[in-house]
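Have a look at the structure below, then the notes.
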Number of protein chains: 2
Amino acid sequence: MIRNTRQRAAVVAVFDTLDGFHSAQEVHARMRAAGDSIGLSTVYRAVQALVDDGELDSIRTDNGEAIYRRCSTTHHHHLVCRSCGRTVEVEGPTVERWADRVAGEHGFVDVKHTLEIFGTCAACHRVVNAAEPAAADS
Amino acid sequence: MIRNTRQRAAVVAVFDTLDGFHSAQEVHARMRAAGDSIGLSTVYRAVQALVDDGELDSIRTDNGEAIYRRCSTTHHHHLVCRSCGRTVEVEGPTVERWADRVAGEHGFVDVKHTLEIFGTCAACHRVVNAAEPAAADS
DNA sequence: ACCCAGTCGACAACAGTTCTCACATGGCGC
DNA sequence: GCGCCATGTGAGAACTGTTGTCGACTGGGT
(Lines give C-alpha, C1' and ligand atoms only; values in the text may rest on other atoms or scores of the structure.)
Protein backbone atom coordinates (compact mmCIF):
# COMPACT_ATOMS: atom_id res chain seq x y z
CA MET A 1 0.00 0.00 0.00
CA ILE A 2 1.26 3.47 -0.78
CA ARG A 3 0.87 5.83 2.08
CA ASN A 4 0.15 9.45 1.85
CA THR A 5 2.89 11.03 3.88
CA ARG A 6 3.74 14.61 4.61
CA GLN A 7 7.13 14.25 2.93
CA ARG A 8 5.81 12.84 -0.31
CA ALA A 9 3.21 15.56 -0.59
CA ALA A 10 5.91 18.13 0.12
CA VAL A 11 8.05 16.90 -2.76
CA VAL A 12 5.11 17.12 -5.11
CA ALA A 13 4.40 20.60 -3.83
CA VAL A 14 7.94 21.72 -4.57
CA PHE A 15 7.70 20.59 -8.16
CA ASP A 16 4.38 22.37 -8.43
CA THR A 17 6.06 25.65 -7.66
CA LEU A 18 8.97 25.05 -10.01
CA ASP A 19 9.32 25.10 -13.72
CA GLY A 20 11.81 23.16 -15.74
CA PHE A 21 14.28 20.54 -14.63
CA HIS A 22 15.63 20.25 -11.12
CA SER A 23 17.85 17.69 -9.43
CA ALA A 24 16.88 15.67 -6.40
CA GLN A 25 19.61 17.36 -4.42
CA GLU A 26 18.37 20.77 -5.41
CA VAL A 27 14.86 19.90 -4.32
CA HIS A 28 16.21 18.61 -1.05
CA ALA A 29 18.23 21.79 -0.49
CA ARG A 30 15.21 23.93 -1.30
CA MET A 31 13.02 22.10 1.16
CA ARG A 32 15.63 22.31 3.86
CA ALA A 33 16.09 26.01 3.16
CA ALA A 34 12.34 26.44 3.45
CA GLY A 35 12.50 24.93 6.92
CA ASP A 36 11.08 21.60 5.83
CA SER A 37 12.85 18.76 7.58
CA ILE A 38 13.28 15.88 5.18
CA GLY A 39 15.98 13.36 4.43
CA LEU A 40 17.83 13.17 1.19
CA SER A 41 16.99 9.49 0.82
CA THR A 42 13.36 10.32 1.13
CA VAL A 43 13.56 12.89 -1.63
CA TYR A 44 15.20 10.31 -3.87
CA ARG A 45 12.56 7.76 -3.04
CA ALA A 46 9.72 10.18 -3.57
CA VAL A 47 11.11 11.38 -6.85
CA GLN A 48 11.54 7.83 -8.12
CA ALA A 49 8.04 6.94 -7.10
CA LEU A 50 6.77 9.96 -8.97
CA VAL A 51 8.70 8.99 -12.05
CA ASP A 52 7.19 5.52 -11.81
CA ASP A 53 3.78 7.05 -11.61
CA GLY A 54 4.53 9.12 -14.66
CA GLU A 55 4.12 12.35 -12.77
CA LEU A 56 7.70 13.37 -13.25
CA ASP A 57 9.94 13.25 -16.24
CA SER A 58 13.61 12.52 -15.74
CA ILE A 59 16.71 13.03 -17.82
CA ARG A 60 20.42 13.02 -17.11
CA THR A 61 22.62 16.05 -17.28
CA ASP A 62 25.97 15.96 -18.97
CA ASN A 63 27.73 15.17 -15.71
CA GLY A 64 25.50 12.27 -14.84
CA GLU A 65 23.17 13.99 -12.43
CA ALA A 66 19.52 13.06 -12.74
CA ILE A 67 17.12 15.95 -13.12
CA TYR A 68 13.37 15.90 -12.97
CA ARG A 69 10.45 18.05 -13.92
CA ARG A 70 6.73 18.04 -13.70
CA CYS A 71 5.41 16.48 -16.86
CA SER A 72 2.45 18.71 -17.16
CA THR A 73 4.46 21.90 -17.39
CA THR A 74 4.67 23.25 -20.87
CA HIS A 75 7.32 21.55 -22.89
CA HIS A 76 10.25 23.73 -23.72
CA HIS A 77 13.98 23.62 -24.21
CA HIS A 78 16.93 25.48 -22.85
CA LEU A 79 19.39 27.80 -24.46
CA VAL A 80 22.38 27.88 -22.15
CA CYS A 81 25.39 30.17 -22.17
CA ARG A 82 28.42 27.95 -21.75
CA SER A 83 30.32 30.76 -20.14
CA CYS A 84 28.03 32.44 -17.62
CA GLY A 85 25.33 29.79 -17.42
CA ARG A 86 22.53 32.17 -18.30
CA THR A 87 19.56 30.16 -19.47
CA VAL A 88 16.78 31.09 -21.82
CA GLU A 89 13.74 28.91 -22.18
CA VAL A 90 12.67 28.43 -25.75
CA GLU A 91 9.83 26.63 -27.42
CA GLY A 92 9.89 25.00 -30.79
CA PRO A 93 6.79 23.41 -32.20
CA THR A 94 8.83 22.78 -35.32
CA VAL A 95 11.22 20.59 -33.41
CA GLU A 96 8.49 18.74 -31.54
CA ARG A 97 6.80 17.84 -34.77
CA TRP A 98 10.03 16.88 -36.44
CA ALA A 99 11.04 14.61 -33.56
CA ASP A 100 7.67 12.89 -33.48
CA ARG A 101 7.64 12.40 -37.21
CA VAL A 102 11.17 11.00 -37.40
CA ALA A 103 10.53 8.66 -34.50
CA GLY A 104 7.29 7.52 -36.05
CA GLU A 105 9.00 6.80 -39.35
CA HIS A 106 11.24 4.37 -37.52
CA GLY A 107 8.37 2.69 -35.72
CA PHE A 108 9.05 4.22 -32.33
CA VAL A 109 6.20 5.01 -29.97
CA ASP A 110 5.86 6.84 -26.68
CA VAL A 111 8.41 9.34 -27.86
CA LYS A 112 10.14 11.92 -25.74
CA HIS A 113 13.18 13.98 -26.52
CA THR A 114 15.72 16.19 -24.91
CA LEU A 115 17.23 19.17 -26.62
CA GLU A 116 19.68 21.60 -25.18
CA ILE A 117 21.28 24.41 -27.10
CA PHE A 118 24.66 25.68 -25.95
CA GLY A 119 26.31 28.85 -27.05
CA THR A 120 28.05 31.94 -25.85
CA CYS A 121 25.74 34.79 -25.04
CA ALA A 122 26.37 38.23 -26.42
CA ALA A 123 27.78 39.59 -23.17
CA CYS A 124 30.24 36.75 -22.65
CA HIS A 125 31.28 36.81 -26.27
CA ARG A 126 32.37 40.41 -25.91
CA VAL A 127 34.42 39.52 -22.85
CA VAL A 128 36.17 36.67 -24.58
CA ASN A 129 37.01 38.84 -27.54
CA ALA A 130 38.41 41.50 -25.24
CA ALA A 131 40.55 38.92 -23.42
CA GLU A 132 41.98 37.52 -26.64
CA PRO A 133 42.23 40.51 -28.92
CA ALA A 134 44.09 38.64 -31.63
CA ALA A 135 43.72 34.90 -31.19
CA ALA A 136 46.73 33.96 -33.28
CA ASP A 137 47.59 30.96 -31.16
CA SER A 138 49.90 28.06 -32.07
CA MET B 1 51.74 18.87 -27.85
CA ILE B 2 49.71 15.72 -28.20
CA ARG B 3 51.76 12.62 -28.15
CA ASN B 4 51.14 9.46 -29.98
CA THR B 5 51.29 6.86 -27.24
CA ARG B 6 50.71 3.18 -27.28
CA GLN B 7 47.80 3.49 -24.88
CA ARG B 8 45.94 6.09 -26.86
CA ALA B 9 46.31 4.12 -30.05
CA ALA B 10 45.10 1.05 -28.23
CA VAL B 11 41.90 2.76 -27.12
CA VAL B 12 41.21 3.89 -30.65
CA ALA B 13 41.88 0.36 -31.85
CA VAL B 14 39.34 -1.05 -29.41
CA PHE B 15 36.63 1.25 -30.65
CA ASP B 16 37.55 0.33 -34.21
CA THR B 17 36.71 -3.27 -33.50
CA LEU B 18 33.48 -2.47 -31.70
CA ASP B 19 30.15 -1.32 -32.87
CA GLY B 20 27.66 0.67 -30.86
CA PHE B 21 28.04 2.26 -27.46
CA HIS B 22 30.49 1.10 -24.83
CA SER B 23 31.48 2.48 -21.45
CA ALA B 24 34.97 3.51 -20.48
CA GLN B 25 35.03 0.79 -17.87
CA GLU B 26 34.02 -1.82 -20.39
CA VAL B 27 36.77 -0.73 -22.74
CA HIS B 28 39.22 -0.87 -19.89
CA ALA B 29 38.10 -4.36 -18.92
CA ARG B 30 38.32 -5.50 -22.50
CA MET B 31 41.85 -4.23 -22.89
CA ARG B 32 42.94 -5.81 -19.64
CA ALA B 33 41.31 -9.06 -20.66
CA ALA B 34 43.20 -8.90 -23.93
CA GLY B 35 46.42 -8.67 -21.96
CA ASP B 36 46.86 -4.97 -22.57
CA SER B 37 48.16 -3.26 -19.47
CA ILE B 38 46.53 0.13 -19.12
CA GLY B 39 45.21 2.23 -16.30
CA LEU B 40 41.59 3.14 -15.88
CA SER B 41 42.43 6.82 -15.65
CA THR B 42 44.24 6.60 -18.94
CA VAL B 43 41.21 5.09 -20.62
CA TYR B 44 39.06 7.92 -19.28
CA ARG B 45 41.55 10.49 -20.44
CA ALA B 46 41.92 8.94 -23.87
CA VAL B 47 38.19 8.67 -24.31
CA GLN B 48 37.65 12.28 -23.33
CA ALA B 49 40.35 13.42 -25.69
CA LEU B 50 38.67 11.49 -28.46
CA VAL B 51 35.34 13.08 -27.65
CA ASP B 52 36.99 16.48 -27.79
CA ASP B 53 38.40 15.62 -31.18
CA GLY B 54 34.96 14.62 -32.33
CA GLU B 55 36.08 11.06 -33.00
CA LEU B 56 33.82 9.60 -30.36
CA ASP B 57 30.26 10.33 -29.52
CA SER B 58 29.14 10.17 -25.92
CA ILE B 59 25.77 9.91 -24.23
CA ARG B 60 24.65 8.94 -20.76
CA THR B 61 22.86 5.75 -19.93
CA ASP B 62 19.85 5.72 -17.70
CA ASN B 63 21.98 5.02 -14.65
CA GLY B 64 24.38 7.86 -15.26
CA GLU B 65 27.17 5.94 -16.86
CA ALA B 66 28.83 7.58 -19.84
CA ILE B 67 29.01 5.47 -22.96
CA TYR B 68 30.94 6.15 -26.13
CA ARG B 69 31.13 5.01 -29.67
CA ARG B 70 32.91 5.65 -32.88
CA CYS B 71 30.99 8.27 -34.68
CA SER B 72 30.74 9.44 -38.21
CA THR B 73 31.88 13.01 -38.28
CA THR B 74 28.71 14.24 -39.90
CA HIS B 75 26.41 15.89 -37.44
CA HIS B 76 23.44 13.77 -36.53
CA HIS B 77 21.18 12.83 -33.66
CA HIS B 78 20.11 9.62 -32.04
CA LEU B 79 16.82 7.89 -31.79
CA VAL B 80 17.22 5.46 -28.92
CA CYS B 81 14.93 2.69 -27.78
CA ARG B 82 14.58 3.05 -24.03
CA SER B 83 13.95 -0.64 -23.70
CA CYS B 84 16.46 -2.47 -25.88
CA GLY B 85 18.89 0.36 -26.55
CA ARG B 86 18.66 0.05 -30.31
CA THR B 87 19.90 3.25 -31.85
CA VAL B 88 19.05 4.89 -35.13
CA GLU B 89 21.02 7.82 -36.44
CA VAL B 90 18.85 10.56 -37.81
CA GLU B 91 19.60 13.85 -39.46
CA GLY B 92 17.47 16.93 -39.34
CA PRO B 93 18.45 20.02 -41.24
CA THR B 94 15.20 21.49 -39.98
CA VAL B 95 16.35 21.22 -36.41
CA GLU B 96 19.81 22.53 -37.13
CA ARG B 97 18.39 25.61 -38.74
CA TRP B 98 15.82 26.09 -36.01
CA ALA B 99 18.44 25.84 -33.26
CA ASP B 100 20.76 28.29 -34.97
CA ARG B 101 17.97 30.72 -35.60
CA VAL B 102 16.59 30.62 -32.07
CA ALA B 103 20.05 31.00 -30.57
CA GLY B 104 20.80 33.88 -32.89
CA GLU B 105 17.60 35.64 -31.92
CA HIS B 106 18.82 35.64 -28.34
CA GLY B 107 22.26 36.92 -29.27
CA PHE B 108 24.07 33.64 -28.76
CA VAL B 109 27.04 32.76 -30.93
CA ASP B 110 29.16 29.67 -31.44
CA VAL B 111 26.10 27.53 -31.07
CA LYS B 112 26.02 23.80 -30.59
CA HIS B 113 23.19 21.59 -29.49
CA THR B 114 22.42 18.14 -28.29
CA LEU B 115 19.26 16.33 -29.19
CA GLU B 116 18.33 12.82 -28.24
CA ILE B 117 15.03 11.22 -29.02
CA PHE B 118 13.86 8.41 -26.78
CA GLY B 119 11.03 6.07 -27.48
CA THR B 120 10.05 2.45 -27.51
CA CYS B 121 10.81 0.71 -30.76
CA ALA B 122 8.18 -1.35 -32.49
CA ALA B 123 9.61 -4.67 -31.36
CA CYS B 124 9.81 -3.71 -27.69
CA HIS B 125 6.41 -2.14 -27.74
CA ARG B 126 4.94 -5.45 -28.82
CA VAL B 127 6.70 -7.22 -25.97
CA VAL B 128 5.39 -4.79 -23.39
CA ASN B 129 1.89 -5.15 -24.68
CA ALA B 130 2.16 -8.90 -24.58
CA ALA B 131 3.40 -8.82 -20.99
CA GLU B 132 0.47 -6.68 -19.88
CA PRO B 133 -2.42 -7.92 -21.98
CA ALA B 134 -5.05 -6.09 -19.98
CA ALA B 135 -3.51 -3.37 -17.88
CA ALA B 136 -6.27 -3.31 -15.31
CA ASP B 137 -3.88 -2.67 -12.49
CA SER B 138 -4.77 -1.60 -8.94
C1' DA C 1 71.93 11.18 -26.31
C1' DC C 2 69.57 14.65 -23.60
C1' DC C 3 65.93 17.15 -21.97
C1' DC C 4 61.43 18.01 -20.51
C1' DA C 5 56.62 18.59 -21.37
C1' DG C 6 53.19 15.52 -21.98
C1' DT C 7 51.70 11.11 -20.39
C1' DC C 8 51.01 7.08 -17.48
C1' DG C 9 48.97 4.45 -13.73
C1' DA C 10 47.95 3.29 -8.93
C1' DC C 11 45.40 5.22 -5.77
C1' DA C 12 42.82 8.77 -3.28
C1' DA C 13 39.19 11.85 -3.51
C1' DC C 14 34.71 13.14 -4.92
C1' DA C 15 29.77 13.39 -6.21
C1' DG C 16 25.51 11.39 -6.91
C1' DT C 17 22.80 7.67 -5.75
C1' DT C 18 21.33 3.63 -3.28
C1' DC C 19 21.30 0.74 0.77
C1' DT C 20 20.80 -0.23 5.76
C1' DC C 21 18.51 -0.36 9.86
C1' DA C 22 16.46 1.37 13.92
C1' DC C 23 12.71 4.32 14.75
C1' DA C 24 8.36 6.70 13.58
C1' DT C 25 3.77 6.79 11.72
C1' DG C 26 -0.37 6.33 8.55
C1' DG C 27 -4.30 3.72 7.92
C1' DC C 28 -6.97 -0.24 8.84
C1' DG C 29 -9.69 -3.28 11.97
C1' DC C 30 -11.68 -3.01 16.10
C1' DG D 1 -10.46 6.72 19.55
C1' DC D 2 -6.82 2.76 20.16
C1' DG D 3 -3.50 -0.47 18.92
C1' DC D 4 -1.17 -3.02 15.52
C1' DC D 5 2.12 -3.47 12.09
C1' DA D 6 3.39 -2.86 7.35
C1' DT D 7 5.22 0.89 5.26
C1' DG D 8 7.84 5.13 5.30
C1' DT D 9 11.47 7.88 7.23
C1' DG D 10 16.16 9.67 7.93
C1' DA D 11 21.10 9.74 9.19
C1' DG D 12 24.82 7.90 7.69
C1' DA D 13 27.44 4.22 5.48
C1' DA D 14 28.33 1.99 1.28
C1' DC D 15 28.68 1.81 -3.53
C1' DT D 16 29.61 3.32 -8.31
C1' DG D 17 31.38 5.99 -11.95
C1' DT D 18 34.41 9.62 -12.65
C1' DT D 19 38.06 12.92 -11.84
C1' DG D 20 42.21 14.52 -9.48
C1' DT D 21 46.95 13.72 -7.59
C1' DC D 22 51.61 12.84 -7.90
C1' DG D 23 55.84 10.49 -8.62
C1' DA D 24 57.69 7.86 -12.40
C1' DC D 25 58.13 7.32 -17.25
C1' DT D 26 58.77 8.39 -22.13
C1' DG D 27 58.11 10.30 -27.01
C1' DG D 28 60.12 13.20 -29.86
C1' DG D 29 62.34 17.54 -30.92
C1' DT D 30 66.93 19.36 -30.64
Side-chain angles (χ1 to χ4, degrees), chain A residues 1-15 18 20-53 55-69 82 85 114 137-138, chain B residues 1-15 18 20-53 55-69 82 85 114 137-138:
Chain A
M1 179 212 311
I2 291 179
R3 286 209 304 233
N4 193 16
T5 62
R6 176 181 64 80
Q7 290 87 343
R8 195 159 310 187
V11 170
V12 174
V14 169
F15 274 102
L18 294 176
F21 286 98
H22 303 275
S23 71
Q25 312 232 16
E26 182 191 337
V27 169
H28 178 241
R30 251 171 219 278
M31 298 177 78
R32 280 301 184 87
D36 202 339
S37 163
I38 187 171
L40 183 54
S41 317
T42 304
V43 174
Y44 274 107
R45 271 190 299 249
V47 157
Q48 279 167 1
L50 290 167
V51 170
D52 281 350
D53 287 358
E55 299 208 34
L56 288 186
D57 213 15
S58 82
I59 62 172
R60 291 266 173 183
T61 66
D62 223 33
N63 66 38
E65 198 176 6
I67 53 179
Y68 308 86
R69 73 160 171 200
R82 68 166 63 87
T114 66
D137 56 5
S138 89
Chain B
M1 178 215 310
I2 292 179
R3 284 207 311 232
N4 193 16
T5 62
R6 176 180 64 78
Q7 290 87 345
R8 194 160 309 188
V11 170
V12 174
V14 169
F15 275 101
L18 293 175
F21 286 98
H22 302 276
S23 72
Q25 312 229 17
E26 182 190 337
V27 169
H28 179 240
R30 250 171 218 278
M31 297 178 77
R32 280 300 183 87
D36 203 339
S37 163
I38 187 172
L40 183 54
S41 317
T42 304
V43 173
Y44 274 107
R45 271 188 299 249
V47 158
Q48 279 167 0
L50 290 167
V51 170
D52 281 350
D53 287 358
E55 298 208 34
L56 288 186
D57 211 14
S58 84
I59 62 173
R60 292 265 172 184
T61 65
D62 225 32
N63 66 36
E65 197 176 6
I67 52 177
Y68 309 86
R69 74 159 171 195
R82 68 165 63 86
T114 65
D137 54 7
S138 88

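What you see is a predicted model, and the numbers here were worked out from it, not measured in a lab. Here is the naming used below: chain letters follow the sequence lines, and residue numbers restart at 1 for every chain.
- For B:T61, the side-chain hydrogen bond (donor to acceptor under 3.5 Å, both in side chains) partners two or more places apart in sequence, or in a different chain, are B:N63.
- Checking A:L40 against A:R45, the closest nucleotide of DNA chain C that is more toward the 5' end is the one next to A:L40.
- Residue B:R8 places no side-chain N or O under 4.0 Å from the OP1 or OP2 atom of D:dG27.
- Every salt bridge (Lys or Arg N to Asp or Glu O under 4.0 Å) that B:R30 has, sequence neighbours left out, goes to B:E26.
- In this structure, B:Y44 places its OH atom 13 Å from C1' of D:dG20, rounding to the nearest Å.
- With hydrogens and angles ignored, no donor-acceptor pair under 3.5 angstrom links the side chain of A:R6 to the base of D:dG8.
- Neither OP1 nor OP2 of C:dG9 sits under 4.0 Å from any side-chain N or O of B:R32.
- Between B:Q7 and the phosphate of C:dT7, there is no side-chain N or O to OP1/OP2 separation shorter than 4.0 Å.
- Scanning all heavy atoms of the two residues, the minimum distance from B:Q7 to B:I38 falls at CB-CD1, 3.8 Å.
- Near DNA chain D, meaning a heavy atom under 4.0 Å from it, residues 23-31 of chain A has no residue at all.
- Side-chain proximity of A:N4 to the nucleotides C:dG27, D:dT9, C:dT17 is greatest for C:dG27.
- Side-chain proximity of B:I38 to the nucleotides C:dG9, C:dC8, D:dT18 is greatest for C:dG9.
- Among pairs with a residue in residues 34-49 of chain A, those fulfilling salt bridge (Lys or Arg N to Asp or Glu O under 4.0 Å) read A:R6-A:D36, at least two apart in sequence or across chains.
- Using a 4.0 Å cut-off, some side-chain N or O of A:Q48 falls inside it from OP1 or OP2 of C:dT18.
- Residue B:A49 comes nearest to B:R8 through the heavy atom pair CB-NH1, 4.4 Å, listed as atom of the first residue, atom of the second, then distance.
- Map A:I67 and B:T5 each onto its nearest nucleotide of DNA chain C; the residue landing nearer the 5' end is B:T5.
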I'd like a list of close polar pairs between nucleotides 12-14 of chain D and the protein, N/O only, cut-off under 3.5 Å.
unit_1 : atom_1 : unit_2 : atom_2 : d
D:dG12 : O6     : A:S41  : OG     : 2.8

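- Scanning for side-chain hydrogen bond (donor to acceptor under 3.5 Å, both in side chains) contacts around B:S58 gives an empty result, with sequence neighbours left out.
- The 5' end of DNA chain D is approached more closely, in terms of each residue's nearest nucleotide, by A:G39 than by the other of A:G39 and B:Y68.
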I would like to know whether B:V27 and B:V47 meet side-chain contact (heavy atoms from CB on, under 4.5 Å); could you show each step before the answer? CA-CA 10 Å; B:V27 169; B:V47 158; 5.6 Å; no

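- Residues meeting the side-chain hydrogen bond (donor to acceptor under 3.5 Å, both in side chains) test with A:E65, sequence neighbours left out: A:S23.
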Nucleotide N/O to protein N/O under 3.5 Å, stretch nucleotides 5-7 of chain D:
unit_1 : atom_1 : unit_2 : atom_2 : d
D:dA6  : N3     : A:R3   : NH1    : 3.4
D:dT7  : O3'    : A:M1   : O      : 3.1
D:dT7  : O2     : A:R3   : NH1    : 3.2
D:dT7  : O2     : A:R3   : NH2    : 2.2

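- Here the CD1 atom belonging to B:I59 is positioned 11.0 Å from the OH atom belonging to B:Y68, to the nearest 0.5 angstrom.
- Remark: side-chain polar atoms of B:R69 are not paired, donor with acceptor, to backbone N or O of B:H22 under 3.5 angstrom.
- Rounded to whole Å, the distance from CD on A:E65 to C1' on C:dT18 is 15 Å.
- The shortest non-hydrogen separation linking A:M31 to A:A10 is CE-CB, 3.4 Å.
- Within the 4.0 angstrom heavy-atom criterion, no nucleotide atom of any strand lies near A:N63.
- In this structure, CG of A:L50 is placed 14 Å from C1' of D:dG8, rounded to the nearest angstrom.
- Contact record, B:D57 with B:F21: O-CE2, 4.1 Å, taken as the closest heavy-atom pair.
- A:L40 meets the side chain to side chain contact (heavy atoms under 4.5 Å, CB included) test with A:Q25, A:H28, A:Y44; sequence neighbours excluded.
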Pairing string of DNA chain C (Watson-Crick or G-U wobble, both atom distances under 3.5 Å; | = paired to other strand) is ||||||||||||||||||||||||||||||

